[in-house]
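Below is one structure, written out as structure tokens; the observations come after it.
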There are 2 protein chains.
Amino acid sequence: MAEHLTTTIKSEIQEVSISRDLPTIIIGERINPTGRKKLQEELKKGNFDTVSRDAIAQVEAGAAILDVNAGVPRADEPALLVEMIKHILAITDVPLCIDTANVAALEAALKLYPGKALVNSVNGEENKLEAILPLIKEYGAAVIGLTMDDDGIPKTVQKRLDIARKIIERATKIGIPLEDIVIDPLALSMGAEEGAGKIALKSIQAISKEFGVNITMGCSNISFGIPDREAINATFMGMAICCGLTCPITNPLKEQVHMAILAADLCMGRDEFATNWIGAYRKRKK
Amino acid sequence: MAEHLTTTIKSEIQEVSISRDLPTIIIGERINPTGRKKLQEELKKGNFDTVSRDAIAQVEAGAAILDVNAGVPRADEPALLVEMIKHILAITDVPLCIDTANVAALEAALKLYPGKALVNSVNGEENKLEAILPLIKEYGAAVIGLTMDDDGIPKTVQKRLDIARKIIERATKIGIPLEDIVIDPLALSMGAEEGAGKIALKSIQAISKEFGVNITMGCSNISFGIPDREAINATFMGMAICCGLTCPITNPLKEQVHMAILAADLCMGRDEFATNWIGAYRKRKK
């Protein structure tokens, strides 16, 4: 069993540590135009009001890192991503997770970003590894590695572990420290694929145990196509944290899921004197 | 890692199988006068209305086994336990879990009971092992072993594992099959003992992995002294099932905890086509 590692992400003035010995770090997922028509229209017109509101609301609700995605169809992604980041930097101090598949946009964002960003993401595809890992190294960022490759998302835990190993080997080979690699074992919909939940949980456990790295995941997909999704997502979140998930990408404004994260930290002994749990309880009662 | 075992409990006409490959089995905890003044008074007067109501309500809500405890101060426990069991047998077919520390009451109940009961409980104390294990063997029952002994409830996972081993060795030595031993690693209050949650979860994992036995636990104690208990209990339940808990002793009428059990089964791939989840969803919407 590998030693548990600590990943540190920084803004200009804030530092966030991700570790199995510390409370779970929420990466706020909301600043993402995918599937948000209205936000897409605003961004095309250079209106960043929703971006600002989403940034502030998520930080107030408990996000320690904000994911920023500028994927608007037919937009100039490098320019848009840079503008979005500038607006967010102007109103909050939390570190950012730069979320793009566009290499030019990633480089423009890293050039601008004044701290140590988390980059979302690289995966096991050859062209991704070749294009993105050198940028991570050059800018001293941390990186999320998705366990998928040119053949898609594998259906077995072993193959996801193998892709994690490949990403880790390639990244560490060019000098990226192991602790700056965060793995996302990927959660697919249980509605489409019966065993998706179990595979996701077992993959988290296996990758965490084998490499000691921190684990992220966008968990809400797990319940797609099944009723009462937030209740499933909340339970899955607790189970995933129990298996080794340390920095979920989620919406901290979804109360039931957020409470599951706080309760899981309490049950794992990561919330001394239940301070975070009781603080959130008082906030809800106001 | 030991092979996962299947424990089978029977009433006269129903059989319940407990296994990591099957949906979680809820042992309904309500038929217990401890701390229920009104029920104590009723039982003293020979009134079994609440017992009957609790039995039916729990089975309707999803209990597959009913725990029966007759611990009324200054009552004739053997006689009372027998009467309670007779009343329950008259109205429901689910197998029973005979819950008593009184050896005479246990023997009277086992003599009467027409199936294969689960007995709650033995522990690592010498006098308990000597008095109870021969009865389990004689009546072909299954037994819950609590990981505590003459020195109390140990604070480390290793010591709880050691007590589980002692109980298992003593029971199997006199011919009780390993699959008929269910271990309860005990959940203490996190309000009193910071690491209680983590120790309970790690103990479940360690005992399940080492012996392959089924695991039970009364989980609600975990949140004693902390606000918003049901939310903590629900998250803890999902985590505990993820670690190897297969037959929690709980109140299936507590909706949030019950939903966590169903969601955990779904996430562990134990609810084909989400049948149980969707069935419960429809029942809630009625």
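Chain letters run A, B, ... following the sequence lines, proteins first, then strands; residues in each count from 1. Heavy-atom basis, side chains included; hydrogens, waters and symmetry copies ignored.
Both the backbone and the side chain of B/Ile232 come within less than 4.5 Å of a heavy atom of chain A. With a 4.5 Å cut-off on non-hydrogen atoms, B/Arg270 does not touch chain A at all. Of the atoms belonging to B/Leu201, it is side-chain heavy atoms, and not backbone ones, that fall under 4.5 Å from chain A. Heavy atoms of B/Asn233 lying under 4.5 Å from chain A are absent altogether.
Chain A forms more heavy-atom pairs under 4.5 Å with one residue of B/Ala264, B/Gly195, B/Ala231 than with any other, namely B/Ala264. If you tally non-hydrogen atom pairs under 4.5 Å between each of B/Thr235, B/Ile261, B/Leu262 and chain A, the highest count goes to B/Thr235. Each of B/Pro227, B/Cys243, B/Gly238, B/Gly269 has some count of heavy-atom pairs under 4.5 Å with chain A, and the biggest count is that of B/Pro227. Among A/Phe273, A/Tyr281, A/Phe236, the residue making the largest number of heavy-atom pairs under 4.5 Å with chain B is A/Tyr281. Contact count against chain B (heavy-atom pairs under 4.5 Å) is highest for A/Cys267 among A/Gly197, A/Cys242, A/Cys267. Ranked by heavy-atom pairs under 4.5 Å with chain B, the first of A/Met239, A/Lys198, A/Gln205 is A/Met239.
The side chain to side chain contact (heavy atoms under 4.5 Å, CB included) test with A/Val182 singles out one residue from A/Leu118, A/Thr246, A/Leu5, A/Ile9, and that residue is A/Leu118. For the side chain to side chain contact (heavy atoms under 4.5 Å, CB included) with A/Ile183, the qualifying choice from A/Asn214, A/Thr147, A/Thr216, A/Leu161 is A/Thr147, the only one to do so.
Nearest heavy-atom pair across A/Ile215 and A/Pro185 is CG2-CD, 3.6 Å. The shortest non-hydrogen separation linking B/Asp150 to B/Gly124 is OD2-O, 4.1 Å. Shown here for A/Trp277 and A/Met259, the closest heavy-atom pair between the two residues is CZ3-O, 3.4 Å.
Contact annotation: the side chain of A/Ile199 never approaches that of A/Thr156 to less than 4.5 Å [non-hydrogen atoms, C-beta and beyond].
Checking B/Asn221 against B/Ser189 by side-chain atom types alone, no donor-acceptor pair falls below 3.5 Å.
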